[in-house]
Amino acid sequence: MVKEEQELANRPDNTAFTQQRLPAWQPMLSAGIVIPGFVIIGLAFIGIGVALFVTSHSIQVLELDYTGVENTEPCYRCSDPSSKNCVCTLEFSIDSLFEGPVFFYYGLTNYFQNYRKYGASRDDNQLSGDLDYFKSPGNDCAPYQYNSNNKPIVPCGAIANSMFNDTFKLYQIIRGSKKLVPFDGKGIAWWTDYNIKYRNPSVTPLKNAFNDTVKPLFWSKPAYELDPTDPANNGFINQDFLVWMRRAALPDFRKLYRRITEGDYAKGLPAGNYSLEIAYNYPVMSFDGRKKVVLSNVSWMGGKNEFLGIAYLVIGSLCVVMSIVMLIVYAKFKFPEED
Amino acid sequence: MTWRSPLALVRDALRGQRAREKDLRNLVSNLPYEGLEKRKQPNRYFPGNAIKTTKYTLLFFIPMNLFEQFHRLANIYFVGLAILNFVPVVNAFEPEIALIPICVIMCLTALKDAWEDFRRYQSDRKLNNTPCFIYSRKAKKFIERRWKDVRVGDFVKVICNEIVPADLLLLHTSDPNGVCHIETSNLDGETNLKQRRVMSGVCISDPDFEPESFNSLVVCEKPNNNLNHFKVLCVSIKCKDHMDSPKREKPDKEKVGAGIESLLLRGCTVRNTDHAVGFVVYAGHETKSMLNNNGPRYKRSKLERKLNKDVIFCVILLFFMCLNGALGHFLWLQALPTVPPYLVPDSNGHLDSPGLSSFYMFFTMIILLQVLIPISLYVSIELVKIGQIFFITNDIDLYDEATDSRIQCKALNITEDLGQIEYIFSDKTGTLTENKMVFRRCSIMGTEYPHKENAVRLAVLEESEAEENVLFNKRPQPVKPRWSLDTEDTNFEDRQHQHGSHRKSKVAGNAQSNVAFSSPLVNGFSHSLQSNNPMDPLSNMPKKSGYFSNIFTSWQRKPNRNRTISEDSVVEGDIFNLPEIMEEPGDINGLRRCSLYAPTNSDKPATTSDNLSYEAESPDEAALVYAAKAYGFTLLARTPDSVTVRLPSGEDLVFEVLDTLTFDSFRKRMSILVRDPITKKYVLYTKGADYAIMELLGTPYAENLRGIQKKIAADTQHHLDCYAKDGLRTLCFTKKVVSDKEYKSWFVNRQRALAAIENREQLVMDTAVQLETNLCLLGATGIEDRLQESVPDTIMALREAGIQVWVLTGDKLETAVNIGYACRLLEDEDLVINMSCKNKLTCTSIVDCALQEVRRYNEDPRNVDTTPDISLVIDGLTLNMALSSDLQDRFVELAKHCRSVLCCRVTPLQKSSVVKVVREKLKVMTLAVGDGANDVNMIQAADIGIGISGQEGMQAVMASDFAISRFKHLKKLLLVHGHWCYTRLANMIIYFFYKNVAYVNLLFWYQFFCGFSGTTMIDYWLMIFFNLFFTSAPPIMFGIMDRDISAEILLGVPELYRTGQGEGEYKFSTFWVNMLDAFYQSLACFFIPYLAYQGSDIDIFSFGTPLNTISLFTILLHLSIEIKAWTAVHLIIIGGSVVLYFVVTLAYSAVCVTCNPPSNPYWILPRQMADPMFYLLCLITTVVALLPRYTFHVLRNSIAPSPLVQAKHLDQLDPSTRSEYIKEWRSFRGGGQVKSSRLSTPPSPTLETPVGMYPQSPTVSDIMGDEFTLNVISENYQRHLHL
């Protein structure tokens, strides 16, 4: 016996694996079999589509372009790049209650925050509060690395330099008088950005950390004075800064500016006339851009988005149609053994 | 080391160079120079015996391996891209990151290479340090050294069972006859012993060899790799000792020539000899075995060639995409009114002009989209092939228990070619047949003795005996039925009983014994011959060795014996096998031929004959010797100079062997010249192919016998034809008495020829031809070579699989045709075109007519169902003409219409030229299968060479890409593994292209929204991981394990094989359809999320993450649609990939806070996964992306199912209904292909069937009467077998 085994030393193992006989499931993609699948997917998609569509439909959105391209527009005069500290006011009205919480966005079009070199032009180490990088910002920041006096720019880089700096104030006009709609600027950036990713240097007062540095060329205020009202909203963890630093994926984007969650407006903006006071600073004419303000409320699926609901409806219906086609095909071409 | 001038060194080096390059080398013994420094050594120019087969050295491994790897274009491309990435103006990624994939791949390859090289190093070291004995003048004896110390010019002693360390010229052996035996199994796998002789005429002092007395100059040829050829000349400077050459007396001669028979090859084992001493002529890498060691073969498969074409298309596509990017960037820049804040100037604050920056952008795009050229595809293909080969070699159906051998895959990269074969070229002997020869019948002096029908024909026998008496009326019949009961047979019989293979009655002295005796014959014989070197005498094997048989002629009163000599040798055998017996009682004694044989113990030649076991170089010879033995003529001893035969009477006859005219494929015969011990006459016995013999028949010595001779020749020819029709291998035997004078003069010529260095073969052959004239025909033998198991079945299956099977054989036409019918290569219904013509003109007209006929027939629509299959039978001569350049095209055209082609009497060279012509003219995939040295050319010429490791040694196996042990394994190898390997790999490659395009296009589409700036919305690491880890295992698993159809169905419905032939599944259109699908899917994967996120506050990497995830799902689910059979492994790997993706990405995005700027992935995926939109997007996008492909598959499968799909349906039925359906389906599909009647009663695989088995087989004569007759010309075909 032993000898025999030796003699057959080369004999391959007779296992299901080596002999390629593993139990296998062989799905047959034929019309008869896939009909139920198509029907189920179709119906499920139609269901989801309806839900999405209804949800999306319930979201109110108000977009106000304030670029001032035409001279009839209130901000026309501000759109001239030479004008400084220009403020313009946009009047609008809301017909019915704009349900809260209302999100207040600013939007830019034709703005390529996703331009490759633009995106790379930042120094994450600096932004995480490493003082070494305050003195010598990373080369990626060039040419927004040092100013003409060779002083380091903090925060360095093109993204920070080009931060959006229009500011908005929203008033409700009640019988001719303006009532300020309170904005909530907390928590508009990602929690992780605010708490982990971006950090101020642990120097108090914060201003000292910025000694021997200069603010970005484009900025009017240094980073540590971005929000005089709230010391915790300055430096690199300023919410507006964080929002801006999270680069938009597409050239037409909006970014969250404030939320309207307080006081009389916690339930939403009541119908009526409103006035939007805009400190118009940010130039967009150089790239044919547009600026706008977007008021929107959100649902579980985020902002208003008709597309996804419609897509689900279309694909769902298509699947149902396909299942009918399959049924016909099945009737005409079924395999003999499927009888 | 003394100082030498550089000039002297250079001169020395040049001289060494010249010495090595010279056609002839002069070697002298090292002994007089022993102890001198190296530059005084006469043989210093020749390499030592240390070998080095490693490719690399430790120090230079890295540069050399890199150099090797950069031979691959793909690697250069990727490294070029990586370097490009270091150019700041064009870089798209962090430069270091771009290096990762190429580094990983090259490191893996380097590791693999290093490991292989290390193993080579180890084996080299082991070999180099093997001990051996070298003669030392100081010690006056052989001292133990290492192999690596052996130098050219040394004397080396090899002990029995030791391995020869270098190529040695044999000078001395312990055997008094100066022979020794070597086993060359290390070299060519042949386990039989080969005899080597001491070079005669060189100073030898017996019994003790004194190397110091050797003072000849050895002149040998430049090293070459021919294992069967060697030329050497010894020039004695002064010969102190007396010459010890008993026969070739020429002690005065200064020059002595020798050949391969005196060369011990490195790597062989010495056997049957206590020790042997040789002079080293070649050492180390110049030895024949090392020169034959060419390493693994590299072939490029058809699929890979196509693949490369498609890679080129990918390059073009890449070029256009990059151009698009550059152009887009240019236009985008142009459209900007002024400099926007997001356009970052360089560090000097100055912007490139749009033209320049778009030029840079072109290269950035190349880097960005480089994955379009599938970087990991080549590595994946190699992995897949390793896996496929693992499964092939582990297939238990391809394992042969008898030899305990699996299939060997020698070429690692052409597995998929197995699935595309369109033409098979097969050898016959040993490939279709067993190559185990069984003596069946013989014809002696015109009388036929079939011994199988012995019992039946007893009566007839009497008659024939009577006839013989008339015929050879000079002699009284030598009697006795009782010869078989000679005393010496007793043991023999006992043994036979033990074997149970036959039974012999011991009743003495009566006719019954005859009957009884015959029965064992029917039962067959157990052959113990194991690995003979078979040679089909007709197959032109160059290295034939001699043999001979003799026929007993009654008038001589005693049986004669003939024998042949050959350099082969004898082997000890353990058991003797049954001989076959001719029914003829003693008066005709069988032919016997002994090519080599030796008694078990060479020391005691007198041992009883029944313990003999013969080893022959060709199995035919062994069969003849055994047959002779069974009739009482026992070959007892065979030395180079003599043959001892024991007659039935117990008397031993010793024939002195004067010379052997060895076989060569030109003469197709061999002869032995012996001196009859009784008459003292010189007699030449010749054995050979009938056509080679018949024309040499001359006037016999007695005038009055002339008429009889004529009749004998005619009768014998008739018998030969019958044998051939019966599928037997035929040999003719003749004798010739040579007068003393004639011999003397011939001998002088012969010696001169043997001593020649130039043109020696030709001269030797000429002398042979010179003597082989005026032969007197003695008779002929028919030896059966059984078909291997399942050969007809296999050939049927291959033909149904759409493969044209050609059989190329050296056998004669009739034999070949009969084997053709037996193995179902030819069918009764077939239209057989027989081409055999003597001159070019006829040949041309035959080809033309046949072609016309065939074309007309094929074009006629009425013949659709009735067209018979056409087969072509052609002989070597005609083939030569048909393959000439002007006829070639027409011949190939004709052959294309033939379902099978049978070429007989072809030479090895013709075999390969047939393969080459068909392969090149028809642009088809060819496979050649063979087992012998004569098939090596063909095996190498074909796209796939398959060697059968059988009786004929390993030359074919060594030259082959795959080695199998039985012909029937071809069926599963091609139909199942070939199909699987091909579909798997083809689908895998297509999938790979798809995968890369689908993924990389996401980046491309994004460029339209980022100003064509080369931004990626996916983290670089994740992108790299995506290709390297997340999506690489599933396609590899798919390529190794997918199983579209089960093996049972593939074997049951061979037609399925056709799907792989020609273009197969990997069509040009398939490639583009998949590319389009990839484009569509990438569009869906990009634009659905795009539309969903349009205008929102999504940031770049939050946008990219769902894209990446969707891509993963789409790509994996796409594969799931393609996977035909899901096993647990599939599930685990695909599921594992998804899990791996999420685990890695989540971990990465949780850990990486500031790493990898600017694409910081921190917390992006976790945040996305908290958003229901993410899942909704993934769901719909994946469905939209895959819906068209899925629907297309479903509709195609339902409306126009491919054969594969239909077969898959069958697969799911239970076995019984399945076979039912297979039958139905096949008959429905098409009639002509399967002859049901045949299927039900497959013919016996052997030729055991009576001669009348194929009565209606259209032999050529039938065909001539056929209405479709196509110019049949045949000379010998009109004769029918009369029994």
Side-chain angles (χ1 to χ4, degrees), chain A residues 7-8 10-12 14 18-20 22 24-26 28-31 34 111-122 124-125 128 142-143 158 162 192 196-197 246-256 286-288 300-303 305 307-308 311-312 315 322 329-330 333 335 337, chain B residues 336-345 347 349 391 394-396 399 401 404-406 1009-1011 1013-1015 1017 1043 1088 1091-1100 1103 1124-1127 1153-1154 1157-1158 1160 1162-1163 1172-1173 1176 1180 1183-1184 1191 1193-1195 1197-1199 1208-1209 1211-1213:
Chain A
E7 276 171 2
L8 301 181
N10 272 328
R11 187 190 181 89
N14 192 3
T18 56
Q19 300 310 312
Q20 310 194 53
L22 284 179
W25 172 61
Q26 301 185 301
M28 282 301 307
L29 298 180
S30 70
V34 299
Y111 193 102
F112 288 79
Q113 261 204 318
N114 55 17
Y115 190 73
R116 182 166 54 88
K117 285 181 181 161
Y118 176 83
S121 184
R122 58 190 283 166
D124 276 8
N125 290 311
S128 67
S162 61
T192 49
I196 298 166
K197 198 169 156 187
R246 190 156 279 281
R247 292 182 296 139
L250 301 167
D252 298 345
F253 60 88
R254 63 191 186 198
K255 284 178 179 290
L256 189 55
S286 62
F287 50 92
D288 269 344
W300 56 268
M301 55 170 284
N305 187 342
F307 168 76
L308 208 54
Y312 265 98
I315 300 300
M322 285 307 297
V329 168
Y330 173 66
F333 297 95
F335 281 98
E337 58 266 36
Chain B
L336 291 174
T338 54
V339 179
Y342 49 79
L343 205 58
V344 184
S347 47
F391 279 124
N394 269 292
D395 192 328
I396 204 158
Y399 165 79
E401 277 199 14
D404 187 32
S405 56
R406 301 180 182 194
F1009 301 96
C1010 68
S1013 61
T1015 310
M1017 66 294 192
R1043 192 178 58 194
I1088 291 177
L1091 290 169
Y1093 285 123
Q1094 201 183 19
S1096 75
D1097 57 349
I1098 190 90
D1099 71 273
I1100 293 184
F1103 177 67
K1124 306 297 192 307
W1126 285 81
T1127 65
V1153 178
T1154 59
N1160 191 311
Y1162 185 64
W1163 216 250
M1173 278 286 278
L1176 289 173
I1180 189 161
V1183 168
V1184 170
T1191 314
H1193 270 265
V1194 168
L1195 288 181
N1197 289 356
S1198 306
I1199 294 172
K1208 207 170 151 190
H1209 271 278
D1211 220 356
Q1212 296 184 330
L1213 305 175

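Keep in mind that what you see is a predicted model, and the values were worked out from it rather than measured. Quick note on labels: first sequence line is chain A, next is B, and so on, each numbered from 1.
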Can you check whether [Y]'s main-chain N or O pairs, donor with acceptor, with [X]'s side chain at less than 3.5 Å?
| X | Y | answer |
| --- | --- | --- |
| A/Y312 | B/L1176 | yes |
| A/N114 | B/F1009 | yes |
| A/N305 | B/A1092 | yes |
| B/T1015 | B/C1010 | no |
| A/S162 | B/Y342 | no |

Among [options], who wins on heavy-atom pairs under 4.5 Å with chain B?
| options | value |
| --- | --- |
| A/R246, A/M301, A/Q113, A/K255 | A/R246 |
| A/A158, A/A142, A/P143 | A/P143 |
| A/W300, A/W25, A/F253 | A/W25 |
| A/M322, A/K117, A/R247 | A/R247 |
| A/R122, A/Q26, A/Q20 | A/Q20 |
| A/N125, A/L256, A/I315 | A/I315 |

Of all residues at least two apart in sequence or in a different chain, which pass the side-chain contact (heavy atoms from CB on, under 4.5 Å) check with B/N1160?
-> A/D124, A/K197, B/Y1162
Using heavy-atom distances under 4.5 Å, tell me whether [X] contacts chain B through its side chain, its backbone, both, or neither.
| X | answer |
| --- | --- |
| A/D252 | backbone |
| A/T18 | both |
| A/F287 | both |

By a 4.5 Å heavy-atom criterion (distance strictly below it), what part of B/P1172 contacts chain A: side chain, backbone, both, or neither?
-> side chain
Side-chain touch B/P337/A/S286, heavy atoms, less than 4.5 angstrom |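 Of all side-chain heavy-atom pairs linking A/S286 with B/P337, none is under 4.5 Å.
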Would you mind telling me which of [options] has the largest number of heavy-atom pairs within less than 4.5 Å of chain A?
| options | answer |
| --- | --- |
| B/I1180, B/V339, B/V1183 | B/I1180 |
| B/I1199, B/L1195, B/V1184 | B/I1199 |
| B/R1043, B/M1017, B/H1193 | B/R1043 |

Taking the six-membered ring for Trp, is the centroid-to-centroid distance between A/F112 and A/Y118 below 6.0 Å?
-> no
Atom pair CG/CG of A/N10 and B/D404 - distance to nearest 0.5 Å = 4.5 Å
